[in-house]
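Here is the structure we will look at, set down as structure tokens.
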2 protein chains.
Amino acid sequence: MGSTPTPRPMRADARRNYERIVEVAREVFREHGPEAPLDDVARRACVGPGTLYRHFPNREELIAAVYRADLEALADQAYDLAERLEPGEALTEWLRVQVGFALHKRGLAAKLKAAMDRDAEGFALCKTKLNEAAATLVKAAQDAGAIRQDVRPRDLQLMAHGIGVATEATPDAAERLLTVMLDGLRPQ
Amino acid sequence: MGSTPTPRPMRADARRNYERIVEVAREVFREHGPEAPLDDVARRACVGPGTLYRHFPNREELIAAVYRADLEALADQAYDLAERLEPGEALTEWLRVQVGFALHKRGLAAKLKAAMDRDAEGFALCKTKLNEAAATLVKAAQDAGAIRQDVRPRDLQLMAHGIGVATEATPDAAERLLTVMLDGLRPQ
DNA sequence: ACCTGAACACCGTTCAAGT
DNA sequence: ACCTGAACACCGTTCAAGT
């Protein structure tokens, strides 16, 4: 399988560069969207373009590095919500959070999903975490009779993503779409 | 307002070029997706890149020219369905068609929506047509009590778009998402 | 080993010259 | 008026030289 053979340690200066690049990339993506020139990232991180490409062979890998942490936080939140709220509410809240995440991100959500669908290396682990989190919430909600049986965890993520990207330009519609979707999720 | 002052007639050879470019662009976009090099389009249409840019100052305008007809057909279908089916069914069918349109298009749907949101000149008219078609179907369905009152025509288009782009890579999920959405649309 | 930055390739865009 | 295609600018990517 294409599993990483040995995640060999990094030399101190290499690690420093790696981390500065990720940090700078986050800023640049926020300022200029996910299509911002990678040369700008390299320049602002004070490294040559070659260094950037050594660490991140393509744009998707850099995006992965930047947003991995956010996605893992999203997975963690699922378990938090599961502890604090009843199953139906927990799932509802989580979907709300996911839509919020997709919103206001200047086309980033779409790029993120594309990268995850294409199995960008850097996403392998956090993709699993997200899937497991979704499965946990959905199963609990189904067992509690809060949502219908004929949806899969994946469906919920897709819906949240769809609503997020669709309403990116008109966030006021997001709430109405969520309402419809949540009503549709109730046992019919 | 920024309305076109006079859509001056085109010389015969200019019109020929214009139409060949649109035709070729449709093929190229289908083959290589909506990011295909415009130079390829120009080359295959046997015109210089300058000619292409004269007619279509940017990629979005070319995309508009290519898909305008499809979108107007989509609007026409709405009225067809409204005649042949009862209001609820007509709306359902139309949403299904819209999702199908967004599907299998290699990221085109997202580009299309972006272009329409940004009000690309070429879309001005067919955008209105689509909005009117959606308004007609939604009003009829609401008057018939087939769907809830608290959704707007725009919401339905956004949902269809969202489902389409979200399930582009996994079309089998589209059906399940549509079911949830349609159930959520019923008067609660 | 890793970094650097010049060099290359590609593609969108412009514009002077031609018809 | 419109078309042509060379030229330019921009940006992703590679690689030889340096540390």
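Computation of the quantities below employed the complete heavy-atom set of this structure, encompassing side-chain atoms and omitting hydrogens, waters and symmetry-equivalent molecules. So that the names make sense, note that chain A is the first sequence line, chain B the second, and so on, each numbered from 1.
With sequence neighbours left out, A/A133 forms a side-chain contact (heavy atoms from CB on, under 4.5 Å) with A/A75, A/A78, A/Y79, A/W94. Contacts of A/R84 classified as side chain to side chain donor-acceptor pair (under 3.5 Å), with partners at least two apart in sequence or in another chain: none. Residues meeting the side-chain contact (heavy atoms from CB on, under 4.5 Å) test with B/R152, sequence neighbours left out: A/R176, B/D155.
Closest contact between the side chain of B/T51 and the listed nucleotides D/dT4, D/dG12, C/dG12 involves D/dT4. Residue A/P49 places its side chain closer to C/dA6 than to any other of D/dA6, C/dA6, D/dG12. Comparing D/dC11, D/dT4, C/dG12 by their nearest atom to the side chain of B/V47 picks out D/dT4.
In summary, B/D13 and B/R16 do not engage in a salt bridge, as defined by a charged side-chain N under 4.0 Å from a carboxylate O. Checked for salt-bridge contact, B/R44 and B/E27 meet the test: a charged N lies under 4.0 Å from a carboxylate O. Contact check on B/D183 versus B/R148 returns no salt bridge, with no Lys/Arg side-chain nitrogen under 4.0 Å from an Asp/Glu carboxylate oxygen.
The separation between A/F56 atom CZ and D/dT14 atom P is 16 Å, rounded to whole Å. Distance, B/R43 CZ to D/dA6 C1': 14 Å, rounded to whole Å. Taking atom CG on A/N58 and atom P on D/dC11, their separation rounds to 18 Å, with Å as the unit. Distance CG (B/L62) to P (C/dC11): 16 Å, rounded to an integer number of Å. Note: CG (A/L52) to C1' (D/dC11) measures 13 Å, nearest angstrom. Atom OH of A/Y53 is separated from atom C1' of C/dC8 by 13 Å (rounded to the nearest Å).
In terms of position on DNA chain C, the residue among A/R54 and A/D39 whose nearest nucleotide sits closer to the 5' end is A/R54. If B/D13 and A/D40 are placed on DNA chain D by their nearest nucleotide, the residue sitting closer to the 5' end is B/D13.
The hydrophobic cluster containing B/V165 also includes A/V165, under a criterion of side-chain heavy atoms closer than 4.5 Å among ILVMFWY residues, counted directly or through chains of members.
A/Y18 and A/H55 have perpendicular rings, their planes meeting at more than 60° on a 0 to 90° scale where under 30° would count as parallel.
Counting only distance, with no hydrogens or angles, the side chain of A/R20 and the backbone of A/A45 share a donor-acceptor pair below 3.5 Å.
Base pairing in DNA chain D yields stems of at least 3 consecutive Watson-Crick or G-U pairs, both distances under 3.5 Å, namely C:4-8 with D:12-16, C:12-16 with D:4-8.
Contact between the side-chain N/O atoms of B/H55 and the OP1/OP2 oxygens of D/dC2 is not found at any separation under 4.0 Å.
Within residues 14-24 of chain B, the residues having any heavy atom closer than 4.0 Å to DNA chain D are, in order of number, B/A14, B/N17.
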